[in-house]
Undergrad: 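Pasting a structure here, questions to come.
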Amino acid sequence: MEPIIEVKGLKKYFQTQRGLLHAVDDVTLSIERGKTLGVVGESGCGKSTLGRTIIHLLESTSGQILLEGRDITHVKDKELRAVRERMQIIFQDPYSSLDPRKSVDATIREPLIVSKRYKKSEIDDVTRELMDFVGIDERLRNSYPHELDGGRRQRVGIARALALNPDFVVCDEPVSALDVSIQAQVLNLLKKLQQQKGLTYMFVTHDMSVVRHISDDICVMYLGQMVEKCPSKELFKNPLHPYTKALLSAIPSVDIHHPMKREILRGEITSPVDPKPGCRFASRCRFVTEACRQPQKQVEASPGHFVTCCRLNEIV
Ligand SMILES: Nc1ncnc2c1ncn2[C@@H]1O[C@H](COP(=O)(O)OP(=O)(O)OP(=O)(O)O)[C@@H](O)[C@H]1O
Ligand SMILES: [Mg+2]
């Protein structure tokens, strides 16, 4: 399978008062069409920035972004608009991402009008189809975001994101703000829509059970760097990077037959502002040696299992 999205050496730095913040630092990955790549890691590790940079909501600092093999890193104007239509985002909190002054109908209709893809006469039908597609009752079309519960609001966000038939969707914590009872419904909806439309997802979350449920592959990030990426099953069965192991050890009974001892991370968290070269996890890693202070290479430990750790042979 050809990847639909490829990212090579992607960097996104922010200029801050304290210095240059390395939010995404040299990330290389690819996603195959119709698959879901889960992205996990603690708050501030750059998950959202990675997703937003790939879909061109943020301008990359350096590196390459390819869509179906075509380099789209520096597209401008008309091409940029076309690329953005093909890559959409579903946000965590539909309440703040939806315009409070727009009704459900107007919210979903807007991208259809802006795109100029449809005739006026078609837009009513397409809007209705979209509402039906994501399971919003037609009677809610004149409601406003504050009149809907969290689950329905997120359905509106999903309808809007899918209005122009994108290929690739970044789902940025799409269920984290929802009641647990609603989370499964929205996850199942996302899965169903993916199958029906052949969508490719990047699914950002810090909920390990959600990511396990939804992802084909999982990418683990730590302070802007990708430390590990492999098929979801493999990650839970055979985590290799010391940070991944610590992350998984915090979930109660991932595998009841092989319970992991909970590992408490000690040591100072490295600052993402003007960081020194080398592994960002070094300051908290119990396997650290001098070699970890050098720039690290991503290695393929087994087919499809990528790890960025120079101590791999010593710790497995
Ligand atoms: N516009 C910005 N200007 C400056 N720094 C930013 C900006 N956006 C993000 N950052 C910083 O970049 C880093 C990565 O942020 P990001 O929001 O991508 O993390 P995240 O993994 O999505 O976190 P969370 O799980 O809390 O959503 C953080 O240190 C954050 O403070
Ligand atoms: Mg985020």
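Each ligand, and each atom within it, is numbered from 1 in the order the structure gives. Heavy-atom basis, side chains included; hydrogens, waters and symmetry copies ignored.
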Undergrad: Could you tell me whether the side chains of Y243 and R280 share a donor-acceptor contact shorter than 3.5 Å?
TA: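 R280 and Y243 do not have a side-chain donor-acceptor pair below 3.5 Å.
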
Undergrad: Right, does atom 13 (C) of ligand 1 have protein non-hydrogen atoms nearer than 4.0 Å?
TA: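 Within 4.0 Å: yes, protein heavy atom nearby.
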
Undergrad: So, S60 versus T53: side-chain donor-acceptor pair below 3.5 Å or not?
TA: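 Note: S60 and T53 side chains miss the donor-acceptor criterion.
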
Undergrad: Please work out, at 4.0 Å between heavy atoms, whether the side chain, the backbone, both, or neither of M221 comes within that distance of ligand 1.
TA: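 Answer for M221: neither.
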
Undergrad: Answer yes if the side chains of D25 and Y13 hold a donor-acceptor pair under 3.5 Å, and no otherwise.
TA: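 Checked: D25/Y13 side chains pair up, N/O donor to acceptor below 3.5 Å.
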
Undergrad: Report, in ascending order of atom number, the atoms of ligand 1 lying under 4.0 Å from any heavy atom of H206.
TA: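 Near H206, meaning under 4.0 Å from one of its heavy atoms, ligand 1 has 25 (O).
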
Undergrad: L21 heavy atoms, cut-off 4.0 Å: which ligand 1 atoms fall inside?
TA: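 Near L21, the atoms of ligand 1 are 11 (C), 12 (O), 13 (C), 29 (O).
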
Undergrad: At the 4.0 Å heavy-atom cut-off, does C45 count as touching ligand 1?
TA: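 It does, in that a heavy atom of C45 comes within the 4.0 Å cut-off of ligand 1.
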
Undergrad: Go through the side-chain N and O atoms of Q225 and H22 and say whether any donor and acceptor fall under 3.5 Å apart.
TA: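 No donor-acceptor contact under 3.5 Å links the two side chains.
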
Undergrad: If the cut-off is 2.8 Å, does any N/O/S atom of Q92 fall short of it from the Mg ion (ligand 2)?
TA: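 It does not: Q92 brings no N, O or S atom closer than 2.8 Å to the Mg ion (ligand 2).
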
Undergrad: Could you find the nearest protein heavy atom to atom 28 (C) of ligand 1 and give me its residue, atom name and distance?
TA: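 The closest heavy atom on the protein side is G44 O, 3.7 Å.
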
Undergrad: Just need the protein heavy atom nearest to atom 22 (O) of ligand 1, so name the residue and atom and give the distance.
TA: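 Ranking protein heavy atoms by distance from atom 22 (O) of ligand 1, first comes S48 OG, 2.8 Å.
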
Undergrad: Among all protein heavy atoms, pick out the one at the shortest distance from atom 24 (P) of ligand 1; state its residue, atom name and that distance to 0.1 Å.
TA: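 So the nearest neighbour among protein heavy atoms is S43 OG, 3.6 Å.
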
Undergrad: Indicate whether the side chain of T73 and that of D71 have a donor and an acceptor atom separated by less than 3.5 Å.
TA: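 Their side chains do contain a donor-acceptor pair, which is all the 3.5 Å distance test asks for.
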
Undergrad: When you compare the side chains of T205 and D207, does any donor N or O come within less than 3.5 Å of an acceptor on the partner?
TA: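 Note: T205 and D207 side chains miss the donor-acceptor criterion.
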
Undergrad: Hey, are S48 and D172 close enough side-chain-wise for a donor-acceptor pair under 3.5 Å?
TA: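 There is such a pair between these side chains.
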
Undergrad: Any ion pair linking R33 and D167 (charged N to carboxylate O, less than 4.0 Å)?
TA: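 Salt bridge between D167 and R33, a charged N being under 4.0 Å from a carboxylate O: yes.
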
Undergrad: For atom 25 (O) of ligand 1, what is the nearest protein heavy atom, given as residue, atom name and distance?
TA: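 The protein heavy atom lying closest is K47 NZ, 2.8 Å.
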
Undergrad: So which heavy atom in the protein is nearest atom 1 (N) of ligand 1, and how far is it from that ligand atom?
TA: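 Answer for atom 1 (N) of ligand 1: F14 CE2, 3.6 Å.
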
Undergrad: Can you tell me the protein heavy atom closest to atom 18 (O) of ligand 1 and the distance?
TA: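 Protein heavy atom with the smallest distance to atom 18 (O) of ligand 1: T49 OG1, 2.5 Å.
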
